[in-house]
Protein chains: 2
Amino acid sequence: MARTAGSHSDITGPKVRDAALRLFARHGYAAVSMRQIAADVGVQAGALYNYTPDKQSLLFDLMAAHMCDLLEAWVDDPKDDPRARLAHFVRFHIGFHHERPDAVFIAYMELRNLTPNNFTQIEALRRRYEDKLEAILCDGVAAGAFDVADTKIATLAVIAMLTGVNTWFRTGGRLTLAQVQAQYLDMVVRAVGGGQAG
Amino acid sequence: MARTAGSHSDITGPKVRDAALRLFARHGYAAVSMRQIAADVGVQAGALYNYTPDKQSLLFDLMAAHMCDLLEAWVDDPKDDPRARLAHFVRFHIGFHHERPDAVFIAYMELRNLTPNNFTQIEALRRRYEDKLEAILCDGVAAGAFDVADTKIATLAVIAMLTGVNTWFRTGGRLTLAQVQAQYLDMVVRAVGGGQAG
DNA sequence: GTCTATATGAAGATAGAC
DNA sequence: GTCTATCTTCATATAGAC
């Protein structure tokens with residue numbers, strides 16, 4: 001309470017990130033001005049530079065935070081049955097992405113607008129996530145539970161299919177999230193040849 | 001040959017479209033200026049307005065042309081076996097999209113940058129294409145060749161999976177396009193429960 | 001059909017007062 | 001920490017000469 005009137009660093013910071021996330025997702029990074037973000041937060045444009053050195057860093061930080069959240073949230077146990085691990089991955093991926101559509105959207109629509117160095121870092125994080133699924137598929141193939149000709153292709157195919165849910169699914173529609181997760185799980189398991197085995 | 005020196009309407013027009021397509025795909029619509037497009041074509045910015053009323057029309061025309069090309073290129077015969085029709089669709093989709101990566105990229109990355117009216121038109125074309133696949137899946141389910149709980153979801157899942165090929169496949173890599181088409185066909189057929197029947 | 005020149009506005013980022 | 005004011009650059013689009 002000993003604060004001066006205009007001092008709100010602890011609340012303005014998150015508001016800047018939230019506003020940028022929403023506006024970047026809605027209109028695209030290049031189409032959103034710092035003035036728009038400032039107006040959304042309720043400050044003047046110059047004040048934003050207390051929270052980010054520049055617009056590019058704002059984009060990169062949002063994307064990096066999202067990818068790190070994703071990697072930290074994923075928990076897997078290689079000792080479990082491959083089928084169970086795959087089922088867990090499918091439900092996790094759909095659920096996690098459904099909860100943060102704006103971050104997901106930005107994380108793969110705005111890759112073009114990253115500087116080369118920033119792009120490399122985000123791509124490395126994305127690759128690490130893909131490797132999580134590929135490990136499950138490899139273990140499943142080795143155990144005879146799955147049948148895929150090329151685990152790398154299958155990994156990319158499954159992730160593309162699952163991420164696609166975000167483009168159309170909305171809560172309150174014809175289906176619940178659980179129903180969507182169940183049907184995608186069914187399709188994924190069959191696609192990797194895990195339909196009949198253990 | 002009776003032309004005046006600076007008269008190139010028949011050649012400049014396509015060059016403008018080609019340059020815009022490539023630059024929009026690479027950097028994004030909002031990040032590309034009319035000056036950049038003009039420089040790429042080899043004219044001054046003002047000259048572009050002989051070929052498009054404004055930048056928005058340029059984007060819309062590129063997207064609409066791509067979607068119309070797609071719909072015109074697809075040929076299907078409802079009297080054929082559903083499995084054969086699905087196989088045709090998978091190979092067609094991957095092949096067609098592989099041949100025009102820039103147009104594909106724009107057609108679903110730049111939807112945000114369309115005016116509401118233009119967006120509605122492009123969405124209608126996209127929906128018409130999705131319906132082509134859903135018709136195959138519905139016929140296959142009715143004939144007992146496929147087993148899917150919800151044909152709309154399966155349609156979106158398959159298209160997302162197939163379109164994802166464009167994000168990683170490059171000619172000259174580890175696999176040929178035909179090999180990729182074959183493996184995706186295998187995964188798609190199994191995903192829709194067409195593995196054992198037919 | 002293309003040019004040069006320009007109208008008009010907005011962008012990212014910084015300086016210095018409070 | 002935020003404000004106002006500003007620097008500098010760039011944007012879309014148009015006008016009129018050739």
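Predicted model only: the values in this text are computed from it and were never measured.
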Under 4.0 Å from any atom of DNA chain D, heavy atoms only: list the residues of residues 28-43 of chain A that qualify, in numerical order. A:Arg35, A:Val43
Pairs involving residues 15-47 of chain B, ordered by first then second residue, that meet ring pair (Phe, Tyr, Trp, His ring centres under 6.0 Å) (sequence neighbours left out): B:Phe24-B:Tyr29
Residues passing the side-chain contact (heavy atoms from CB on, under 4.5 Å) test with B:Ala19, sequence neighbours excluded, are B:Arg22, B:Ile37, B:Asp40, B:Val41
Taking only residues two or more places apart in sequence, or in another chain, which ones meet A:Arg35 in a side chain to side chain donor-acceptor pair (under 3.5 Å)? none
Please identify each residue that fulfils side chain to side chain donor-acceptor pair (under 3.5 Å) with A:Asn117, with sequence neighbours left out. none
Within residues 53-61 of chain B, find the residues that approach DNA chain C with a heavy atom at under 4.0 Å, and present them sorted by residue number. none
All side-chain contact (heavy atoms from CB on, under 4.5 Å) counterparts of A:Asp69, not counting sequence neighbours: A:Phe96
Tell me, please, which residues at least two apart from B:His97 pass ring pair (Phe, Tyr, Trp, His ring centres under 6.0 Å). B:His93
In whole angstroms, how far is the C1' atom of D:dT14 from the CG atom of B:Leu48? 13 Å
Under-4.0 Å side-chain N/O to phosphate OP1/OP2 contact, A:Thr12 with D:dT2: yes
Using the side-chain contact (heavy atoms from CB on, under 4.5 Å) criterion, which residues pair with A:Phe60? Sequence neighbours excluded. A:Ala64, A:Leu114, A:Asn118, A:Gln121, A:Ile122
Taking only residues two or more places apart in sequence or in another chain, which ones pass side-chain contact (heavy atoms from CB on, under 4.5 Å) with A:Leu156? A:Glu130, A:Lys152, B:Trp168
Any protein N or O atoms within reach of nucleotides 16-18 of chain D? Criterion: under 3.5 Å, listing atom names and distances.
none

Tell me, do B:Leu48 and B:Val43 make a side-chain contact under 4.5 Å, heavy atoms counted? yes
Sequence neighbours excluded, every pair satisfying ring pair (Phe, Tyr, Trp, His ring centres under 6.0 Å) that has a member inside residues 169-190 of chain B: B:His98-B:Phe169
Round to a whole Å and report the spacing from CD of B:Gln44 to P of C:dT2. 11 Å
